[in-house]
Amino acid sequence: MHVMANLSFYALPIFIDPDSKFKIQEEVRDEQMHLLQPRLFSSTSFPRRNHLINIMQSPSTTTKQLKHIHALLFLKNPSPHLSLYLCNSILLAYANSLNPNDAFAFFATRMSHFTLNKFTFQFLLKACSKSKSLIYITQIHLMTLKLGFSSYTYLMNSLHHCYVLSDQLRDARNVFDEMPQRDIVSFNSMIHGYTKSGDMVSAIRVFEKVPNPNVITRTAMVVGFFRCGNVLAARRVFEEMPERDLVSWNAIILGYVQNRNPTEALQFFRRMQIESFKPNVITIVSVLSACASVGALDTGKWVHIFVNKNGFLLDPFLGSALIDMYSKCGAVELALEVFTCLKEKNTCTWNSLINGLAMNGHAEQALSLFNEMRIDKSVRPDEVTFVGVLLACSHGGFIEEGRKHFYCTVKEYGLNLVLEHYACMVDLLGRCGMLKEAEEIIRSMQISPDIVIWRALLGGCRIHKDVELAERVVLEMEACSSGDYVLLSNLYASVGRWGDVEKVRMIMKEKGIKKIPGSSSIEVNNTIHEFISGNKSHPRYAEISEKLDELGRKISGDGYLAETCVVLYDIEEEEKEQALGHHSEKLAIGFGLISTPPGSTIRIVKNLRVCADCHNMTKLISKICDREIVVRDRIRFHHFKDGKCSCKDYW
DNA sequence: ATAGGGTTAG
């Protein structure tokens, strides 16, 4: 169907984009022609048009070359106008280029005289889907309606997709509702739209109406369920899929990572390999993230080798993921190694390493890396960088340097102070006993402080036994999460105010606040073993318990005294633990000792912070057993060696 | 020619 274009329609100024640097070069200068020579003119004759079109459509063609070819076509054309076919080709080339807005400019200036066809619109919509400019989408939508193209399912699907991409769910729905015919693509696009906006109820309603759902339909549902946190439903859809492809596997792996179940994510990664699917970069990055959060160093190393073997491009993306994984597994040397090997680094790469060093207690190294970053002109520090910098200052106890960065350097780079910066600063000051200054900083904040910041102040109160301030802080926090009460009761216990300890426990009971159970995991032979505080269910529990008892006896002869004041922070819980066994990290360490070769490093990941008793005991174990023990707690790392810890007993 | 998957912080 061909409809004569309504010229006034195209003349709308909307298509002249003031930001576009687009200019058709009417004349191609000789030297520019010369630049094109080697590519275009293999023989002496003028290249055939199709050849030029092929070059234009090739993804390696730069915008500059594209414009030259474009000008060349006009220049060498005998008649004043090119054919519609040729113009559509140029349009598509611009739509696929790095500057899709050039397509609109070309359309507005060079195509107004044409009787347009469906390809013209298809390519314009292609440009829309890349530029996501709502103003163009609406305009093209109107044109398709006016020129009678709205019965083309392909076109309407593309239009629908554009609206979904730019979060215009209502418009997308209208397009969907008005379509005379719908195919599987229409349904999939609609489902995607609903899941993207979190409307799972509508997505399910559409899903149930799809005559023959395919891989894409089902994968979209998996993603949708994960997005709204319904892990079980996501899993069910996945398990019931008649066929799966790489994208489905990536969706389930990433879904579990994002729903904080990295162990399950790694299980699916393993299953995926059993079923002979070859991972791509997206899989790798998701799996690395899972390894990082669960501390699975062996799996992480395996992935790294896989990356090298299969010739994956080590770009800043993948590099940062590797650095983050190694840092969060406590293997700083390996993180450093990746960093030095990387040819290309972006801000995120630097951030990953700075944060990694800071987390692992290498405060000086983190700060000197930051200074290197400041010299490097190719990157610019951002807010995240300063989180790492301030974290390093706080873990190293560098008050002056911390103040300097907090008050000056952040502003030097034109950055705003965000919640995380305040949290680090309050932590730093609180830790060093400058509780008053810490509190003043909180009071002076432009944004309202969050729970992390109050908790940082509370941490300072605990170290310096400032009960009065702690009480005020807890009141101010309006008492919502259990950690704060535990800390307060902890503090009361440490100064012997048992009556108040009891009171806090009553409040917690009344409010239904439960202490989060401690959980520690350790990776042995590529399997993650998780231990919950006081839980005996591990198959080798008896051996672990025996080992811990044996160590306990050895240690008591070595001057170890249980830290009673901390043990008392939650008596109810503690009694249970004494009857049943030990804190989760002790179980994990015990298991590590009996299941790994002597002398090898034991790595533990813990969901809560290390208690003083475990900290003490771990130090001694590292000495007696001559083992390096690396414990990652909720906030940071502890590297135990020869009876000492990298945190220097501040945490 | 159109539909589903992508890192970094407390």
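No experiment lies behind these values; they were computed from the predicted model shown. Numbered from 1 within each chain, the chains take letters A, B, ... in sequence-line order. When reading the values below, keep in mind they use all heavy atoms of this one structure, side chains included, and skip hydrogens, waters and symmetry mates.
- For the segment residues 352-359 of chain A, residues with any heavy atom less than 4.0 angstrom from an atom of DNA chain B are, sorted by number, A:N355.
- For the residue pair A:T219/A:S248, the side-chain donor-acceptor check at 3.5 Å is satisfied.
- For DNA chain B, the neighbouring residues in residues 219-226 of chain A, judged by any heavy atom under 4.0 Å, are A:T219, A:V223.
- For residues 238-246 of chain A, proximity to DNA chain B is found at A:D245, A:L246, defined as any non-hydrogen atom under 4.0 angstrom from a strand atom.
- Exactly one residue among A:F106, A:F104, A:F119, A:F121 makes a side chain to side chain contact (heavy atoms under 4.5 Å, CB included) with A:L91. That residue is A:F106.
- At a threshold of 4.0 angstrom between heavy atoms, the contacts of A:K328 are confined to the sugar-phosphate backbone, with no base atom among them.
- Ring orientation note: the planes of A:H161 and A:H192 are tilted relative to one another, at an angle of 30° to 60°.
- Residue contacts shown for A:I282 include a base, since a base heavy atom lies under 4.0 Å away.
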Atom pairs and distances, side-chain donor-acceptor, residues 201-208 of chain A, under 3.5 Å, sequence neighbours left out:
from	atom 1	to	atom 2	distance (Å)
A:S202	OG	A:D199	OD1	3.1
A:S202	OG	A:D199	OD2	2.6

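- Near DNA chain B, meaning a heavy atom under 4.0 Å from it, residues 166-190 of chain A has A:V185, A:N188 in order of number.
- In this structure, A:S158 reaches the sugar-phosphate backbone alone: every heavy-atom distance under 4.0 Å involves primed, P, OP1 or OP2 atoms, never a base.
- You can see that DNA chain B meets the heavy atoms of chain A within a 4.0 Å-exclusive cut from B:dA1 to B:dG10, reading 5' to 3'.
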